[in-house]
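Hydrogens, waters and symmetry mates are skipped; everything else that's a heavy atom, side chains included, is used.
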Amino acid sequence: MVDAPVPQILGLYETHLTVADLQRSIGFYRDILKLEVATIIENRNVAFLWIGDKRTSMLGLWETGSAPLRMRLHIAFRTTLDDVVRSAAALKAHGVQPKGFHGEPLDEPVVAGWMPAVSQYFSDPDGHSIEFIHVLEEPADPSFGVKPYSQWLSRPKPTI
């Protein structure tokens with residue numbers, strides 16, 4: 001057996017989603033989430049969009065057509081705390097319903113205490129679960145569970 005180290009993974013570069021209507025999905029990710037279109041390959045019904053710097057990450061959208069079976073996937077976009085906190089109002093302004101961890105309508109982000117991280121969930125036009133996430137600097141509090149950010153801010157702080 002050769003003891004050759006595998007490359008160190010530094011982060012996720014790209015992910016791909018299947019979509020029912022490529023042009024509708026391009027509009028959602030370009031116009032609402034402000035991703036830059038990298039290229040559209042019309043003969044393959046696929047588009048690629050940059051997520052931030054093109055050396056950092058990319059999203060691929062693949063049109064599946066009118067097949068009755070749909071796959072629902074999840075992707076999380078790392079962002080600042082202020083942007084996560086403001087995202088519910090921004091999403092609503094674009095006609096997108098912000099959601100809680102379990103998919104319920106919720107007009108504020110939630111915190112997963114075990115990380116801890118603040119997240120705002122919502123869906124794209126194909127029902128994929130999309131998340132804006134920011135990992136918090138404070139200590140984890142697994143007993144908190146997953147609750148609205150306002151409850152995280154007002155909770156009694158755990159003693160060490």
N/O donor-acceptor pairs under 3.5 Å from side chains in residues 95-105, not counting sequence neighbours:
unit_1 : atom_1 : unit_2 : atom_2 : d
Gln97  : NE2    : Asp107 : OD1    : 3.3
Lys99  : NZ     : Ser123 : OG     : 2.7
Glu104 : OE1    : His102 : N      : 3.0

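Here Phe122 pairs with Phe132 under the ring-ring contact (aromatic ring centres under 6.0 Å, His included) rule; sequence neighbours left out. Among residues two or more places apart in sequence or in another chain, the side chain to side chain donor-acceptor pair (under 3.5 Å) test is passed with Tyr149 by none. In terms of the side-chain contact (heavy atoms from CB on, under 4.5 Å) criterion, residue partners of Ala76 (sequence neighbours excluded) are, by chain and number, His74, Glu131, Ile133. Partners of Thr39 according to the side chain to side chain donor-acceptor pair (under 3.5 Å) rule, which considers only residues two or more places apart in sequence or in another chain, do not exist here. Applying the side chain to side chain donor-acceptor pair (under 3.5 Å) rule to Ser143 yields the partners Asp141; only residues at least two apart in sequence or on another chain are considered. Remark: Arg24 engages Ala20, Asp21, Pro125, Asp126 in a side-chain contact (heavy atoms from CB on, under 4.5 Å) (not counting sequence neighbours). Asp53 pairs by the side-chain contact (heavy atoms from CB on, under 4.5 Å) definition with Arg55, Thr56, not counting sequence neighbours. For the ring-ring contact (aromatic ring centres under 6.0 Å, His included) test, residues two or more places apart in sequence or in another chain that qualify with His16 are Phe48, Trp62. Contacts of Val135 classified as side-chain contact (heavy atoms from CB on, under 4.5 Å), with partners at least two apart in sequence or in another chain: Met115, Ala117. Phe144 is linked by a ring-ring contact (aromatic ring centres under 6.0 Å, His included) to Trp152, counting only residues two or more places apart in sequence or in another chain. The salt bridge (Lys or Arg N to Asp or Glu O under 4.0 Å) test applied to Glu42 returns no partner, not counting sequence neighbours.
At a threshold of 4.5 Å between side-chain heavy atoms, the hydrophobic network of Ile, Leu, Val, Met, Phe, Trp and Tyr places Ile51 and Leu12 in two separate groups. Val110 and Leu136 end up in different hydrophobic clusters when Ile, Leu, Val, Met, Phe, Trp and Tyr side chains are linked at under 4.5 Å. Hydrophobic cluster membership differs between Tyr13 and Ile75, with clusters built from Ile, Leu, Val, Met, Phe, Trp and Tyr side chains linked at under 4.5 angstrom. Phe77 is connected to Phe28 through a chain of hydrophobic side-chain contacts under 4.5 Å among Ile, Leu, Val, Met, Phe, Trp and Tyr, so both are in one cluster. In the hydrophobic clustering of this structure, Leu106 groups with Tyr121; members are Ile, Leu, Val, Met, Phe, Trp, Tyr whose side-chain heavy atoms approach within less than 4.5 Å, directly or through other members.
Looking at every heavy atom in both residues, His128 comes nearest to Thr18 through NE2-O, 2.6 Å. Closest heavy-atom contact between Leu61 and Leu22: O-CD1, 3.6 Å. Nearest heavy atoms, Pro139 versus Pro116: O-CG, 3.8 Å. Here the closest non-hydrogen pair linking Gln120 and Leu91 is CG-CD1, 4.0 Å.
For the atom pair CD1 (Ile130) and CD1 (Ile32), the distance works out to 11.5 Å, reported to the nearest 0.5 Å. Rounded to the nearest 0.5 angstrom, Tyr29 OH and Leu35 CG are separated by 8.5 Å. Note: Ile26 CD1 to Leu49 CG = 6.5 Å, rounded to the nearest 0.5 Å. Here the CG-OG distance, from Asp82 to Ser87, works out to 11.0 Å after rounding to the nearest 0.5 Å.
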query = Between Val85 and Leu81, is a side-chain contact (heavy atoms from CB on, under 4.5 Å) present by the stated rule, with each step listed?
reply = CA-CA 6 Å; Val85 170; Leu81 175 61; 4.0 Å; yes

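A distance-only check finds a donor-acceptor pair linking the side chain of Glu108 to the backbone of Ser150 [under 3.5 Å]. For His134 (side chain) and Asp83 (main-chain N/O), no donor-acceptor pair under 3.5 Å exists by modelled atom type.
Atom CZ of Arg86 has more than 12 neighbouring heavy atoms from other residues, nucleotides or ligands inside a 6.0 Å radius.
Using a 4.5 Å heavy-atom threshold, the side chains of Thr15 and Leu59 count as touching.
No side-chain N or O of Glu14 forms a donor-acceptor pair with one of Ser57 less than 3.5 Å apart.
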